[in-house]
Enquirer: 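After the C-alpha cells below, expect a handful of questions from me.
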Amino acid sequence: MQLYHARGTLDLSRPVVMGVLNVTPDSFSDGGRYLDPQCALDRAQQMLAEGAAIIDVGGESTRPGAAPVGVAEELSRVLPVVRQIARHGEAVISVDTSQPEVMRAVIDAGAAMINDVRALSLPGALQAAAASSAAVCVMHMQGEPGTMQRQPQYQDVVSEVRAMLIDRIRQCVAAGIDPARICIDPGFGFGKSLQHNLELLRRLPELRIAGHPVLVGLSRKSMLRQLTGREADARLAGSVSLATIATLQGARIVRAHDVAATVDALQVATAMTVEH
Ligand code: 7PM
C-alpha cells in the first residue's frame, strides 16, 4: 500500500510513525516549546532520526474546550516552521489545519500532506486540497472540539464512523482529489466515550476501505487516563500499547509524540505480521 503526496509517495507496506510537532502555546503535552522555528526544526530532525516517516505540524489546539485560533495567528505559528523544516531536506511534512488559507500557504512552502480533524468541511477546504497534489487525512469527529466530549452518542459507532468516512471520501474525489492521496482516521477521542474508543479499536478492521490507509492518533490521549489513571506525561507505556494494538488491527500510520518507542513497537508488531 502507498499514499501519494505532494512530494512523492509514502511506502506503507509496513506501518509508519507520524511524529507530532505542536507549535501552539498551550498544547497539553509540549506547550510552547516548539513555537520557535529553530527549536521546531531540532525536534523534527530528532523525530526523523528516531524513525518518523512524517512530521505533523499543528498550530491550532484541538483540545476539548480550546478557544478557536484566528487564521493569521495559526499561519504565523505554522508557516515559519514548515519553511524551516522544508528548507532542511526530505522530511514528509503534514500540517494539522482546517483552514483553506493555511492549506494553500503551507503546501506552497513545502508541506506534502494536510491533516484536517474537520475532514475538509470548512468552506473552500476541499477546493484548496484539490488544487494541490497534497495527501489528505480525513478524520471523523462528532461535534466540535469545544463541546464534543460532553455527551457523545452513537447507535453503532463503527458503522457511523465508516459511513461518514465513505461519504467524505466521495466528496473529496468529486472535488478532484485523487483517491490514492486520501487516508482515513476514526478520530479517537473526538466526540467518543471510552467505550466508543475501545469499540473502534476492537473493530478497526471493519473500518478498512479499499485503497485508503488507516491513520490513528492514540498517543497520550485521555482514554489512557481512564484506563491507567495516569496524567499526560506518564502515558508512554499506555500509548505504545495502543499503537501496537492499532497496528495489529491494520493501522498503517500511527500519530505519536514518543517516536522512538513507537517505532520499536511497530517493528515488533510488524515482525509478526509481515514475512521476514
Ligand atoms: C487534546 C485532545 C489535545 C486531542 C490534543 C489532541 C488527532 C489528530 C489530534 C488524531 C489526526 C492529540 C490531539 N489528534 N489528527 N490531531 N488524528 N489525524 O492527541 O487522532 O494530539 S490533536
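Every number for a ligand or one of its atoms is a count from 1 in the order of the listing. None of the values given here were measured: they were computed from a predicted structure.
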Enquirer: For ligand 1, which atoms, with element, lie under 4.0 Å from some heavy atom of Leu215?
Expert: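 With Leu215 as reference, the close atoms of ligand 1 come out as 18 (N).
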
Enquirer: If you count the atoms of ligand 1 from 1 in the order shown, which ones are under 4.0 Å from a heavy atom of Cys137?
Expert: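 What qualifies from ligand 1 is 18 (N).
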
Enquirer: Can you say whether the rings of His196 and Tyr154 are parallel (under 30°), tilted (30 to 60°) or perpendicular (over 60°)?
Expert: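 Answer is perpendicular, since the angle exceeds 60°.
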
Enquirer: How does Val216 reach ligand 1, if at all, at less than 4.0 Å between non-hydrogen atoms: by side chain, backbone, both, or neither?
Expert: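 It is neither; nothing of Val216 touches ligand 1.
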
Enquirer: For residues 138-150, which residue pairs qualify under salt bridge (charged side-chain N to carboxylate O under 4.0 Å, His left out), counting only residues two or more places apart or in two chains?
Expert: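 Sorted pair list: Arg118-Glu144.
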
Enquirer: Salt bridge check: are Asp116 and Arg168 linked by an N-O gap of less than 4.0 Å?
Expert: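 Salt bridge: no.
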
Enquirer: Specify side chain, backbone, both or neither for Asp96, according to which of its non-hydrogen atoms lie closer than 4.0 Å to ligand 1.
Expert: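 Side chain only.
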
Enquirer: Does a donor on one side chain and an acceptor on the other come within less than 3.5 Å for Asn22 and Thr24?
Expert: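 Per modelled atom types, Asn22 and Thr24 side chains form no pair under 3.5 Å.
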
Enquirer: Under 3.5 Å between any N/O of Asn115 and any N/O of ligand 1: does that happen in this structure?
Expert: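 By distance alone, the answer is yes.
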
Enquirer: Which heavy-atom pair separates Val23 from Leu35 by the least distance, and what is that distance?
Expert: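 Residues Val23 and Leu35, closest heavy atoms: O-CD2, 3.1 Å.
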
Enquirer: Heavy-atom contact check, 4.0 Å cutoff: does Gly189 meet ligand 1?
Expert: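 No; Gly189 lies far enough from ligand 1 that no heavy-atom distance drops under 4.0 Å.
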
Enquirer: Tell me the closest heavy-atom pair linking Phe188 and Gly217, and the distance in Å.
Expert: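 Phe188 and Gly217 have their closest heavy atoms at CB-O, 3.5 Å.
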
Enquirer: Show me which atoms of ligand 1 lie under 4.0 Å from any heavy atom of Met139.
Expert: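 In order of numbering, the contacting atoms are 10 (C), 11 (C), 17 (N).
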
Enquirer: With atoms numbered from 1 as shown, which atoms in ligand 1 lie under 4.0 angstrom from a non-hydrogen atom of Gly217?
Expert: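 Matching atoms, with element in brackets: 10 (C), 20 (O).
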
Enquirer: At under 4.0 Å between heavy atoms, is it the side chain or the backbone of Arg220 that contacts ligand 1, or both, or neither?
Expert: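 Contact part for Arg220 vs ligand 1: neither.
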
Enquirer: For the side chain to side chain donor-acceptor pair (under 3.5 Å) test, which of Glu199, His140, Gln149, Gln142 pairs with Lys192?
Expert: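 Passing option: His140.
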
